[in-house]
**Student:** 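A single structure is presented below for examination.
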Number of protein chains: 2
Amino acid sequence: MNASESITRPSLHIELLGRLRDLIIEGVLPPGTKVPERELCERYGVSRTPMREALKVLAVDGLVWLEPNRGAWVSKITIKDLEEVFPVMGALEALSGELACEHITDDQVNAIRKLHLEMIEHYKLRDLAKYFQANQAIHEAILEAANNSELTTMYRSLAARVRRTRYLANMTDERWEKAVEEHEQILSALENRHGAELAQILRQHLKSKFETVRNWLNSDQRVKQLTE
Amino acid sequence: MNASESITRPSLHIELLGRLRDLIIEGVLPPGTKVPERELCERYGVSRTPMREALKVLAVDGLVWLEPNRGAWVSKITIKDLEEVFPVMGALEALSGELACEHITDDQVNAIRKLHLEMIEHYKLRDLAKYFQANQAIHEAILEAANNSELTTMYRSLAARVRRTRYLANMTDERWEKAVEEHEQILSALENRHGAELAQILRQHLKSKFETVRNWLNSDQRVKQLTE
DNA sequence: ATATATAATTATGAATTCATAATTACGTCA
DNA sequence: TGACGTAATTATGAATTCATAATTATATAT
């Protein structure tokens with residue numbers, strides 16, 4: 001018997017996990033705020049049990065902070081946190097580049113090239129939101145090509161935490177241009193299956209991104225918003 | 001007011017998390033077995049609520065598998081899983097080497113040298129258990145010197161999963177000798193703060209380890225034990 | 001008015017309860 | 001005997017309840 005077709009309703013805490021993660025990543029629940037447990041339970045029509053199970057998982061993921069007997073709080077993002085997260089993300093991204101070059105098919109390269117060209121269009125039109133979307137899709141496609149689910153899980157978990165910094169608003173024209181140039185190199189390395197080179201570029205690419213985030217975090221109002 | 005001294009009792013699910021993790025890593029609960037929820041609740045004198053919270057967290061960690069409406073099962077380890085885990089561990093270990101070389105103090109190097117010499121003694125006496133213990137302590141010390149809590153968390157989570165393969169029994173004399181040689185290089189690179197070199201050695205070191213594990217997994221009875 | 005002590009309220013952590021799904025035991029019939 | 005269907009049992013998922021910790025409101029004294 002093959003169990004792959006068996007009908008399984010996902011449990012409530014798994015469903016909630018997705019919703020809560022989105023609320024935090026999208027910034028609906030901003031860093032530093034208390035997670036309104038009762039309110040969320042009412043909103044999603046569930047009892048506290050699955051909600052609290054989901055919160056425990058999010059705590060391990062680093063998106064919320066559990067204060068014993070005082071409830072759950074949305075994690076703040078400090079510069080120190082990012083200084084720790086980025087090198088790890090860099091290592092994972094470099095690995096994803098290496099593995100992608102080993103496994104990637106021509107079809108997958110073509111798909112990425114298509115995304116790349118779309119991204120360039122968005123860049124030319126200075127459509128930051130769409131640029132960002134295409135950008136993210138490219139990195140996801142490389143991850144997909146790397147074909148390593150452990151890597152994917154870990155990378156996504158870190159990416160989610162960085163994403164909610166919404167650093168994009170702080171992207172300078174100069175930085176943007178550089179990012180696009182780096183993406184040309186990324187595509188080229190992928191096309192030629194130059195794993196080591198791609199790893200190196202992706203690391204550099206992420207380092208530049210970190211600088212953007214760092215600048216963003218250093219601007220006064222942002223520091224307030226995220227760390228108070 | 002400084003909250004650093006405030007008294008906080010850890011919640012039950014956190015306590016349980018540690019106990020359960022140990023039970024799985026130590027092999028008391030072998031891969032593929034059902035997690036005896038009721039039994040464990042009685043054993044630790046807790047209700048099902050915190051126990052189930054802990055299981056949800058372990059599921060995210062990859063140590064247990066939750067089958068909807070059928071309970072929790074200790075995750076099996078397949079060769080395919082390890083083929084995914086090892087490259088990721090390699091990348092993380094390489095990073096830990098790089099970062100350690102940037103930050104490590106002379107005291108820390110001395111401590112590692114001491115551990116290294118102890119390890120060599122255990123090797124000469126062919127005391128596998130003690131050798132393994134010292135070995136693990138060295139890798140932990142490098143991780144400590146890297147001074148990156150994100151990295152530490154991720155590395156430990158993967159290391160725990162690999163550790164429970166108990167591959168050591170399968171270590172050949174030849175392999176053991178090679179491992180010791182690699183450790184000489186590790187110490188030397190650390191002493192000289194050669195980050196890139198250390199990263200490279202650690203990656204190689206882990207790759208050899210993977211080969212040992214792979215051989216171990218390929219021996220018939222082990223495959224049965226872990227995957228049936 | 002401000003600080004402190006006490007009471008009322010609310011939120012949290014965890015046990016318990018309950019509905020339902022899954023499993024096992026039993027009985028029937030070929 | 002063994003395949004099938006049904007009943008009894010057990011386990012699971014989630015809601016509810018309950019004891020206690022934390023917070024807020026109120027009262028008292030300086």
Side-chain angles (χ1 to χ4, degrees), chain A residues 1-21 23-24 29-30 32-61 63-76 228, chain B residues 1-21 23-24 29-30 32-61 63-76 228:
Chain A
M1 232 340 169
N2 190 335
S4 67
E5 277 194 276
S6 67
I7 296 167
T8 56
R9 251 182 335 148
S11 44
L12 287 183
H13 88 275
I14 295 283
E15 285 286 324
L16 287 170
L17 207 49
R19 314 282 181 108
L20 296 181
R21 218 192 289 274
L23 288 181
I24 294 173
L29 294 176
T33 57
K34 191 165 195 321
V35 178
E37 190 184 295
R38 180 166 305 280
E39 210 175 288
L40 291 169
C41 286
E42 285 168 16
R43 177 160 169 188
Y44 295 121
V46 301
S47 76
R48 288 175 58 219
T49 306
M51 178 62 69
R52 294 169 59 76
E53 288 169 347
L55 289 174
K56 258 99 203 171
V57 172
L58 286 178
V60 175
D61 234 42
L63 286 179
V64 307
W65 177 257
L66 299 179
E67 196 104 14
N69 293 318
R70 301 205 42 236
W73 307 73
V74 180
S75 300
K76 295 168 185 173
E228 269 183 18
Chain B
M1 207 26 140
N2 189 335
S4 68
E5 277 195 277
S6 68
I7 297 169
T8 55
R9 253 183 333 151
S11 45
L12 287 182
H13 88 274
I14 295 283
E15 285 285 325
L16 287 170
L17 207 49
R19 315 280 182 109
L20 296 182
R21 216 193 291 273
L23 288 181
I24 294 172
L29 295 176
T33 57
K34 191 166 195 319
V35 178
E37 189 184 295
R38 181 167 303 281
E39 210 176 287
L40 291 169
C41 286
E42 285 168 17
R43 175 160 169 189
Y44 295 121
V46 301
S47 77
R48 286 175 62 220
T49 305
M51 178 63 68
R52 293 170 58 77
E53 288 170 346
L55 290 174
K56 258 101 204 171
V57 172
L58 286 178
V60 175
D61 233 43
L63 286 178
V64 308
W65 176 257
L66 299 179
E67 197 103 13
N69 293 318
R70 301 207 40 239
W73 307 73
V74 180
S75 300
K76 296 168 186 174
E228 271 184 15

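The figures that follow rest on heavy atoms only: side chains count, while hydrogens, waters and symmetry mates do not. The sequence lines fix the lettering, A, B, ..., with proteins before strands; numbering per chain opens at 1.
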**Student:** For the side chain of A/Pro50, starting at C-beta, report the closest nucleotide among D/dA15, C/dA15, D/dG13.
**Tutor:** D/dA15

**Student:** So if I take every side-chain heavy atom of B/Asn69 and compare against C/dA22, C/dT17, D/dA15, which nucleotide ends up nearest?
**Tutor:**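 The listed nucleotide nearest to B/Asn69's side chain is C/dA22.
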
**Student:** Just the rounded figure in Å: distance from C1' of C/dT17 to CZ of B/Arg38.
**Tutor:**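 Taking atom C1' of C/dT17 as the reference, CZ of B/Arg38 is at 13 Å.
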
**Student:** How long is the line joining CD1 of A/Ile14 and P of D/dT12, in whole Å?
**Tutor:** 16 Å

**Student:** Send over the distance from A/Leu12 CG to C/dA19 P, rounded to a whole Å.
**Tutor:**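 Roughly 17 Å, once rounded to whole Å.
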
**Student:** Please report, rounded to the nearest Å, how far the C1' atom of C/dA15 is from the CD atom of B/Glu37.
**Tutor:**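 Going from CD in B/Glu37 over to C1' in C/dA15 covers 14 Å.
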
**Student:** Mapping A/Arg70 and A/Ser11 to their closest nucleotides on DNA chain D, which lands nearer the 5' end?
**Tutor:** A/Ser11

**Student:** Send over the distance from B/His13 NE2 to C/dG13 P, rounded to a whole Å.
**Tutor:**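 These atoms are roughly 9 Å apart.
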
**Student:** Should the side chain of B/Thr49 and the base of C/dA15 be counted as holding a donor-acceptor pair, with the cut-off at 3.5 Å?
**Tutor:**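 Indeed, a donor on one side and an acceptor on the other fall under 3.5 Å apart.
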
**Student:** Without decimals, in angstroms, what is the distance between A/Trp73 CH2 and D/dT23 P?
**Tutor:**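 Result: 8 Å.
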
**Student:** Starting at atom CD of B/Glu67, determine the distance to atom P of D/dT12, rounded to an integer number of angstrom.
**Tutor:** 12 Å

**Student:** Calculate, to the nearest 0.5 Å, the distance between atoms OH and CE belonging to A/Tyr44 and A/Met51 respectively.
**Tutor:** 7.0 Å

**Student:** Hey, does B/Thr49 have a side-chain heavy atom less than 4.5 Å from the side chain of A/Arg52?
**Tutor:** no

**Student:** Let's see if you can work this out: which of C/dT12, C/dA15, D/dT12 has an atom nearest to the side-chain heavy atoms of B/Lys34?
**Tutor:** D/dT12

**Student:** Less than 4.5 Å apart, side chain to side chain, heavy atoms only: is that true for B/Val46 and B/Glu15?
**Tutor:**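 A side-chain contact under 4.5 Å is absent here.
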
**Student:** What is the distance, to the nearest angstrom, from the CD atom on A/Glu39 to the C1' atom on C/dA11?
**Tutor:**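 Taking atom C1' of C/dA11 as the reference, CD of A/Glu39 is at 14 Å.
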
**Student:** Among C/dG13, C/dA15, D/dA14, which nucleotide has an atom closest to any side-chain atom of B/Arg48?
**Tutor:**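 Nucleotide nearest to B/Arg48's side chain: D/dA14.
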
**Student:** Working to the nearest 0.5 Å, report the span between CD1 of B/Ile14 and NZ of A/Lys56.
**Tutor:**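 Answer rounded to 0.5 Å: 8.5 Å.
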
**Student:** When B/Val35 is tested against each of B/Leu23, B/Leu40, B/Ile24 for side-chain contact (heavy atoms from CB on, under 4.5 Å), which residue passes?
**Tutor:**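 Checked B/Leu23, B/Leu40, B/Ile24 against B/Val35; only one passes side-chain contact (heavy atoms from CB on, under 4.5 Å): B/Leu40.
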
